[in-house]
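One structure below.
Chain letters run A, B, ... following the sequence lines, proteins first, then strands; residues in each count from 1. Keep in mind it's a predicted model, so treat the numbers as computed, not measured.
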2 protein chains.
Amino acid sequence: MVRTTRQRTAVAAVFDDLEGFHSAQEVHAKLRASGDSVGLSTVYRAVQALADDGELDSIRTDSGEALYRRCSTQHHHHLVCRGCGRTVEVAGPAVENWADRVAAEHCFADVSHTLEIFGTCAACRAAG
Amino acid sequence: MVRTTRQRTAVAAVFDDLEGFHSAQEVHAKLRASGDSVGLSTVYRAVQALADDGELDSIRTDSGEALYRRCSTQHHHHLVCRGCGRTVEVAGPAVENWADRVAAEHCFADVSHTLEIFGTCAACRAAG
DNA sequence: CCTGCATGTGAGAACCATTGTCAACAGGAG
DNA sequence: CTCCTGTTGACAATGGTTCTCACATGCAGG
């Protein structure tokens, strides 16, 4: 039996207010900051439970940190500047289709993907 | 100046004998087992150095462990199975072009990108 | 309303891959 | 050969994640 507790509701609520991927640590800090404190262990459990239920999507960063995101949010990618960290959200239906097709060709199902583009923006190039 | 040491040679040699992805810990254990012992820190450093030189390709498992493998130096992406970690290398000129174009539209230069596709392979689906 | 109790919580410890530290070591240029 | 400097490795430290266990709390079924 799965219970509806203050803590789980709070964790789920965080992802309602947020775009994109966020770590369990981040969620924990956010809850603590908003006075609606929840134990770190509980955040991890809640987040994993949500991911198991298919409510959250999870990936790993290059440093091995786990990130979660509400699945239903509009899918997009990031164009990040190496110099100033400025980020532009970009959508690419072509890429989505390509990824799905490639996965299908290899008989993979439940396909998701991560994509980030890095570059140097005009301002940072001008600044040298 | 980069030196050629017994340890680095040993680590590189491990990947000559092995197919697929392997963790630093695994390489360390293998070297220790073969009597050709190398310190754990050194294995990590060697493996990262090889990855930096483009001699090894690296990914992360779902559990956050880093895996390395000798790879073709050609640019490609990975299609990774969530269940068994099986990896397929895929090339996608369309994606490369798209990424470059999107970056150009936003006046970004020196463009690079990362892309990984996740899914569940046929075998893992059958296994439940 | 209660009460029982299985389930959930949370502070802290444990875990474990990875990274940092630093004294000792060893390529290799001269 | 010698010296300089990059490299090594035992060990400690780090940091995200998971485990532990005493305590709290949803939620039926009375």
Protein proximity profile, nucleotides 24-30 of chain C - base contact B, sugar-phosphate-only contact S, no contact -, cut-off 4.0 Å on heavy atoms
--BBS--

Under 4.0 Å protein heavy-atom contact, by nucleotide of nucleotides 15-22 of chain D - B base, S sugar-phosphate only
-SBBBB--

Under-4.0 Å side-chain N/O to phosphate OP1/OP2 contact, A:Gln7 with C:dG10
yes

Let me test you: for the helix from C:dC1-D:dG30 to C:dG30-D:dC1, what is the angle between the axes at its two ends (five pairs each), rounded to 10 degrees?
40°

I'd like to check the side-chain hydrogen bond (donor to acceptor under 3.5 Å, both in side chains) partners of A:Ser63; sequence neighbours left out, ordered by chain and number.
A:Thr61

Distance col, row A:Asp57:CG vs A:Tyr68:OH, nearest 0.5 angstrom, shows 10.5 Å

Worked verdict on A:Gln25 versus A:Leu40 for side chain to side chain contact (heavy atoms under 4.5 Å, CB included):
CA-CA 7 Å; A:Gln25 305 272 352; A:Leu40 183 56; 4.3 Å; yes

Between B:Glu89 and B:Arg69, does any NZ, NE, NH1 or NH2 come within less than 4.0 Å of an OD or OE carboxylate oxygen?
yes

Please tabulate, for side-chain N and O atoms in residues 27-39 of chain B, each donor-acceptor pair with protein atoms closer than 3.5 Å (sequence neighbours left out).
residue: B:His28; atom: NE2; partner: B:Val38; partner atom: O; Å: 3.2
residue: B:Ser34; atom: OG; partner: B:Lys30; partner atom: O; Å: 3.4
residue: B:Ser34; atom: OG; partner: B:Leu31; partner atom: O; Å: 3.0
residue: B:Asp36; atom: OD1; partner: B:Arg6; partner atom: NH1; Å: 2.9

Do B:Arg8 side-chain atoms and B:Val47 backbone N/O form a donor-acceptor pair below 3.5 Å?
no

Most 5' of A:His28 and A:Arg8 on DNA chain C, judged by nearest nucleotide:
A:Arg8

Regarding B:Glu55 and B:Arg70, does a basic nitrogen lie under 4.0 Å from an acidic carboxylate oxygen?
yes

Evaluation steps, side chain to side chain contact (heavy atoms under 4.5 Å, CB included), between B:Phe118 and A:Val111:
CA-CA 6 Å; B:Phe118 302 95; A:Val111 180; over 6 Å; no

Could you walk me through whether A:Val90 and B:Trp98 pass the side chain to side chain contact (heavy atoms under 4.5 Å, CB included) test, one step at a time?
CA-CA 11 Å; A:Val90 294; B:Trp98 173 81; 4.2 Å; yes

Please list, chain by chain and in numerical order, all residues satisfying side-chain hydrogen bond (donor to acceptor under 3.5 Å, both in side chains) with A:Glu96, sequence neighbours excluded.
A:His75, A:His77, A:His113

